[in-house]
Number of protein chains: 2
Amino acid sequence: MNIGEVAERSGLPPKTIRYYEDIGLVRPLRSDNGYRAFRETDLHKLAFLGRARALGFSIEDCRLLLSLYEDESRESAQVKSIAEEHLTAIEKKIAQLEAMRETLSHLVMSCHGDNRPDCPILSDLATGPGDRN
Amino acid sequence: MNIGEVAERSGLPPKTIRYYEDIGLVRPLRSDNGYRAFRETDLHKLAFLGRARALGFSIEDCRLLLSLYEDESRESAQVKSIAEEHLTAIEKKIAQLEAMRETLSHLVMSCHGDNRPDCPILSDLATGPGDRN
DNA sequence: TATGGAGCTTCCAGTGGGGGGAAGGTCAAT
DNA sequence: ATTGACCTTCCCCCCACTGGAAGCTCCATA
């Protein structure tokens, strides 16, 4: 398989696939013409990576997950631990974003948004929360 | 004021302040010894930037917001529009993260996490959702 | 057989928003 | 005079790609 077909079947852009080879996540063979020659196992790995990335795992987490996937003697606790840590990080990120949303939505609602210059959003940014001068 | 005092009073690291000067967000004067000489207005701008960044606005949004803040003839609708767009982006990001959290938490709960190798997390990554082989 | 276009290769640079650290100048107190 | 804290510029590093240039190869068509 050439990279184009792998890209289509894995859903990953060719650039990303080359990058994944660069950093050692996949090791496709090479044809005589210098083209990358992907096996089904390479495609499978790339699809694995695509799904792991879609769940927000970092590249290094993906590398670990992939090696655990290929390790017959893995312990599921290792996998679960990585996933739990990532889940915690996601929840933390959500909490941060929700705090921003909270503040921002209040500010947006309190701004009349017309042609006049007074704006509680700018006032808040200028002097900090709770001050409306 | 030297950069250290401004850093302390604005809450921004010196590195960040230098970077903000680099990209033209602040323009402190220079003392004879080559040190940056910040005025109160510079400090005020930096604090403004710090609060805007804490609300997740991009640097370019911050640049716009700052120029609106300094523009006496602004219309609050311009500010509100930037804030609304950013709020929408935040909500979109939250939705993405919540989808990840949903999937991940199910996977984590379904993994026994012991010394055995079978792991529904890896199975899901290997074959896609809904397949447990 | 020539040609054209699609697909492949490598390499370099840039993204956003800074952070780390080196090499060197300056200031204030001892 | 020396120390140590502070300041300066400079360049590289992070993440996970993405865009683009220059130059291959392959295949179909005229």
Side-chain angles (χ1 to χ4, degrees), chain A residues 1-38 42-43 45-46 48-66 85-86 89-90 93 96-97 100, chain B residues 1-39 42-43 45-46 48-66 82 85-86 89-90 93 96-97 100:
Chain A
M1 259 180 294
N2 282 349
I3 200 169
E5 188 182 343
V6 178
E8 197 168 340
R9 290 177 62 188
S10 69
L12 296 172
K15 280 273 188 185
T16 299
I17 297 173
R18 290 193 194 100
Y19 173 66
Y20 286 176
E21 182 189 12
D22 237 43
I23 61 175
L25 286 179
V26 278
R27 304 185 191 285
L29 303 176
R30 292 287 174 148
S31 305
D32 291 344
N33 57 14
Y35 288 15
R36 288 169 183 80
F38 295 85
D42 296 319
L43 174 58
K45 274 198 199 183
L46 288 165
F48 182 104
L49 290 168
R51 279 184 286 263
R53 292 288 298 137
L55 285 180
F57 285 104
S58 73
I59 291 284
E60 287 318 305
D61 277 352
C62 287
R63 196 191 297 279
L64 271 172
L65 289 170
L66 204 49
E85 217 163 306
H86 178 46
I90 284 181
K93 189 81 190 167
Q96 283 176 2
L97 288 171
M100 289 180 192
Chain B
M1 259 182 298
N2 283 347
I3 201 169
E5 188 183 342
V6 178
E8 198 168 339
R9 290 177 61 189
S10 69
L12 296 172
K15 280 272 190 186
T16 299
I17 297 173
R18 292 195 192 100
Y19 173 65
Y20 287 175
E21 182 188 13
D22 236 43
I23 62 175
L25 287 180
V26 279
R27 304 184 190 283
L29 304 175
R30 292 288 174 149
S31 305
D32 291 344
N33 57 15
Y35 288 16
R36 288 170 183 79
F38 295 85
R39 291 150 294 189
D42 296 318
L43 172 58
K45 273 198 200 183
L46 287 166
F48 182 104
L49 290 168
R51 278 185 286 264
R53 292 286 300 140
L55 286 179
F57 285 104
S58 72
I59 291 284
E60 286 318 305
D61 276 353
C62 288
R63 197 191 297 279
L64 270 171
L65 289 170
L66 204 48
I82 295 172
E85 217 163 305
H86 178 46
I90 284 180
K93 189 84 190 168
Q96 283 176 1
L97 288 171
M100 289 180 191

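Just so we're on the same page: letters track the sequence lines, and every chain starts at 1.
Closest non-hydrogen pair, A:Ser10 versus A:Ile17, comes out as OG-CD1, 4.1 Å. Residue B:Arg53 comes nearest to B:Cys62 through the heavy atom pair CD-SG, 3.8 Å, listed as atom of the first residue, atom of the second, then distance. A:Pro14 approaches A:Ile3 most closely through the heavy-atom pair O-CD1, 3.6 Å. The heavy-atom pair separating A:Ile90 from B:Leu97 by the smallest distance is CG2-O, 3.7 Å.
Sorted by first then second residue, the salt bridge (charged side-chain N to carboxylate O under 4.0 Å, His left out) pairs that include residues 3-12 of chain A, not counting sequence neighbours, are A:Glu5-A:Arg9, A:Arg9-A:Glu40.
The terminal axes of the helix from C:dT1-D:dA30 to C:dT30-D:dA1, fitted over 5 pairs per end, subtend an angle of 30° to the nearest 10°.
OP1 or OP2 of D:dC26 sits under 4.0 Å from a side-chain N or O of A:Asn33. Contact annotation: A:Tyr20 reaches the phosphate of D:dC17 (side-chain N/O to OP1 or OP2, under 4.0 Å).
If you find the closest nucleotide of DNA chain D to A:Tyr19 and to A:Tyr35, the one lying nearer the 5' end belongs to A:Tyr19.
Within residues 52-60 of chain A, the residues approached by DNA chain D to less than 4.0 Å at the level of any non-hydrogen atom are A:Arg53, A:Ser58, A:Ile59, in residue-number order.
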Check step by step if side chain to side chain contact (heavy atoms under 4.5 Å, CB included) holds for B:Tyr20 and B:Leu12. CA-CA 10 Å; B:Tyr20 287 175; B:Leu12 296 172; 4.0 Å; yes
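Residue contacts for A:Pro14: at a heavy-atom cut-off of 4.0 Å it reaches no nucleic acid atom on any strand shown. Contacts of B:Ile3 with the nucleic acid, taken as non-hydrogen atoms under 4.0 Å apart, involve only primed sugar atoms and P, OP1 or OP2.
Taking atom CG of B:Asn2 as the reference point, atom P of D:dA5 lies 16 Å away to the nearest angstrom. Atom CD in B:Glu8 sits roughly 10 Å away from atom P in D:dC7 (whole-Å rounding). The CD-P distance, from B:Glu5 to D:dC6, rounds to 12 Å in whole Å.
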Please tabulate, one pair per line, each protein N/O and nucleotide N/O from nucleotides 9-13 of chain D that are separated by under 3.5 Å, including the distance.
residue : atom : partner : partner atom : Å
D:dT9   : OP1  : B:Arg30 : NH1          : 3.3
D:dT9   : OP1  : B:Arg30 : NH2          : 3.3
D:dT9   : OP2  : B:Arg36 : NH1          : 3.2
D:dT9   : OP2  : B:Arg36 : NH2          : 2.7

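B:Arg63 places a side-chain N or O within donor-acceptor distance of the main-chain N or O of B:Ile23, the cut-off being under 3.5 Å.
Here the NE2 atom belonging to B:His86 is positioned 8.0 Å from the OG atom belonging to B:Ser58, to the nearest 0.5 angstrom. A distance of 11.5 Å separates NZ in A:Lys45 from CZ in A:Phe38, rounded to the nearest 0.5 Å. The distance from atom OG1 of A:Thr16 to atom CG of A:Leu25, rounded to the nearest 0.5 Å, is 11.5 Å.
Think of the region where chain A sits on DNA chain C: with heavy atoms and a 4.0 Å cut, that region ends 5' and 3' at C:dG7 to C:dC11.
By the neighbour-count criterion of 12 heavy atoms within 6.0 Å, atom CZ of B:Arg39 is densely surrounded, having more than that number from other residues, nucleotides or ligands.
Under the side-chain hydrogen bond (donor to acceptor under 3.5 Å, both in side chains) criterion, B:Arg36 pairs with B:Glu21, not counting sequence neighbours.
Counting only heavy atoms from C-beta outward, the side chains of A:Leu49 and A:Leu66 approach each other to under 4.5 Å.
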